[in-house]
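Whatever order the structure lists them in is the order used to number ligands and atoms, beginning at 1.
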Amino acid sequence: MKNTLIAPSVLAADFGNLQRDVEMVNNSAADWFHIDIMDGVFVPNISFGMPVLDAIYKHAKKTIDVHLMIVDPDRYIQTFKDLGADVLTVHYEACTHLHRTLQAIRNAGMKAGVAINPHTNVALLEDVIHQLDLVCIMSVNPGFGGQSFIENTYKKVAQLKEIITRNNANVLIEIDGGVTDKNAKQLVETGADVLVAGSFVFNAADPITTIQNLKNITTL
Ligand code: DX5
Ligand code: ZN
């Protein structure tokens, strides 16, 4: 049986009630907290930074999956380790020396992830596949929650799955952006292991039930 990991994106939480929303995730069927850090340079938006992650960490009881949408992420690897990150994902497009960056993340004691924008071909990851614990395929252009899912993502998931299998690598495929109950099952059938969901979860009338439904429809 395939147990898909569900990672609610805290970007879509109510920041005025952050502790309440973190505890909702603790009490749900979700597996991870997905934390979006945006710098206003790599992406055209600024989300939140270290003090807010520190506040989330104080209440969060699940794996902390940090998605860095920032330039020059090497400067902050140890900082995010100290803030409680379990998985640290950097953007392919933001790393000149990706191989070195991934090694530094693992050396700091975290799982190493790389995120790719919708225009970036998954084949570019083949030469670092054994340095990776996770690939985050962006199914929207990064920067904002609540955007529509890009259908070309399915093709990328299948291509990446083939690369991982052929190299006998141990890498999770995460999908980030526009995930709903309409595309979740097909994504998992195509090879996805982790589904990030922001607005679909936090804008729902009943987020706990919405998370449970995502979990149910992706348990194959
Ligand atoms: C987008 C972020 C996503 C976002 C997902 O730049 O990386 O994690 O929060 O939000 P939804 O699920 O609303 O598309
Ligand atoms: Zn994200």
Below 4.0 angstrom from a heavy atom of [X], which ligand 1 atoms are there? Numbered from 1 as shown, please.
X	result
Pro142	6 (O)
Met38	6 (O)
His67	7 (O)
Gly177	14 (O)
Met69	6 (O), 7 (O)
Gly178	11 (P), 12 (O), 14 (O)
Phe144	1 (C), 6 (O)
Ser199	11 (P), 12 (O), 13 (O)

Legend entry - Plane angle bin for Phe15 and Phe48 - parallel if under 30°, tilted between 30 and 60°, otherwise perpendicular: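 Phe48 and Phe15: perpendicular rings.
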Please list the nearest protein heavy atom to [atom] with its residue and the distance rounded to 0.1 Å.
atom	result
atom 3 (C) of ligand 1	Asp176 OD1, 2.9 Å
atom 12 (O) of ligand 1	Gly198 N, 2.8 Å
atom 4 (C) of ligand 1	Asp36 OD2, 3.6 Å
atom 10 (O) of ligand 1	Gly145 CA, 3.6 Å
atom 6 (O) of ligand 1	Gly143 N, 2.8 Å

Inset, instruction - Return a yes/no value for Leu11: is any of its N or O atoms, backbone included, closer than 3.5 angstrom to an N or O of ligand 1? - result: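 No, since none of the N or O atoms of Leu11 sits under 3.5 Å from an N or O of ligand 1.
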Legend entry - Contact check: Gln147 vs ligand 1, nitrogen or oxygen atoms, below 3.5 angstrom: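 In this structure, Gln147 places no N or O atom under 3.5 Å from an N or O of ligand 1.
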Inset, instruction - Mark yes when over 12 heavy atoms from residues, nucleotides or ligands other than Tyr57 sit less than 6.0 Å from its OH; otherwise mark no. - result: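 Check fails, neighbour count at 12 or below.
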Inset, instruction - Please indicate whether Phe42 has more than 12 foreign heavy atoms, meaning atoms of other residues, nucleotides or ligands, lying under 6.0 Å from its CZ. - result: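 Enclosed.
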Inset, instruction - Among the N/O/S atoms of Asp176, select the one at the shortest distance from the Zn ion (ligand 2) and name it. - result: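 Going through the N, O and S atoms of Asp176 one by one, OD2 ends up nearest to the Zn ion (ligand 2).
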Inset, instruction - Just give me the atom name: the N, O or S atom of His67 closest to the Zn ion (ligand 2). - result: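 Of the nitrogen, oxygen and sulfur atoms in His67, the Zn ion (ligand 2) lies nearest to ND1.
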Inset, instruction - Give, rounded to 10 degrees, the angle between NE2 (His34) and OD1 (Asp36) as seen from the Zn ion (ligand 2). - result: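 The two atoms subtend 90° at the Zn ion (ligand 2).
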Is the shortest side-chain N to carboxylate O distance from [X] to [Y] below 4.0 Å?
X	Y	value
Arg20	Asp14	yes
Lys61	Glu23	no
Lys2	Asp193	yes

Inset, instruction - Select one of side chain, backbone, both or neither to describe which atoms of Ala197 lie under 4.0 Å from any atom of ligand 1, heavy atoms only. - result: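 For Ala197, only backbone atoms sit under 4.0 Å from ligand 1.
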Inset, instruction - For ligand 1, indicate whether the residue Phe200 contacts it via side chain, backbone, both or neither (heavy-atom separation under 4.0 Å). - result: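 For Phe200, no heavy atom sits under 4.0 Å from ligand 1.
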Indicate whether the side chain of [X] and that of [Y] have a donor and an acceptor atom separated by less than 3.5 Å.
X	Y	result
Thr101	Asp74	yes
Ser9	Asp36	yes
Gln212	Asn216	yes
Asn121	Lys156	no

Inset, instruction - Compute the centroid of each ring, for Tyr154 and then for Phe149, and state whether the two points are separated by less than 6.0 Å. - result: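 Between Tyr154 and Phe149, the centre distance is under 6.0 Å.
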Legend entry - For Asn117 against His91, the heavy-atom pair lying closest together: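 Smallest heavy-atom distance, with atoms named: OD1-CE1, 3.2 Å.
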Inset, instruction - For Gly146 and ligand 1, answer yes if some heavy atom of the residue is under 4.0 Å from a ligand atom, otherwise no. - result: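 Under 4.0 Å: yes for Gly146.
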Legend entry - Flag side-chain contact, heavy atom, 4.5 Å: Leu5 against Asn3: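 Answer yes - side chains close enough.
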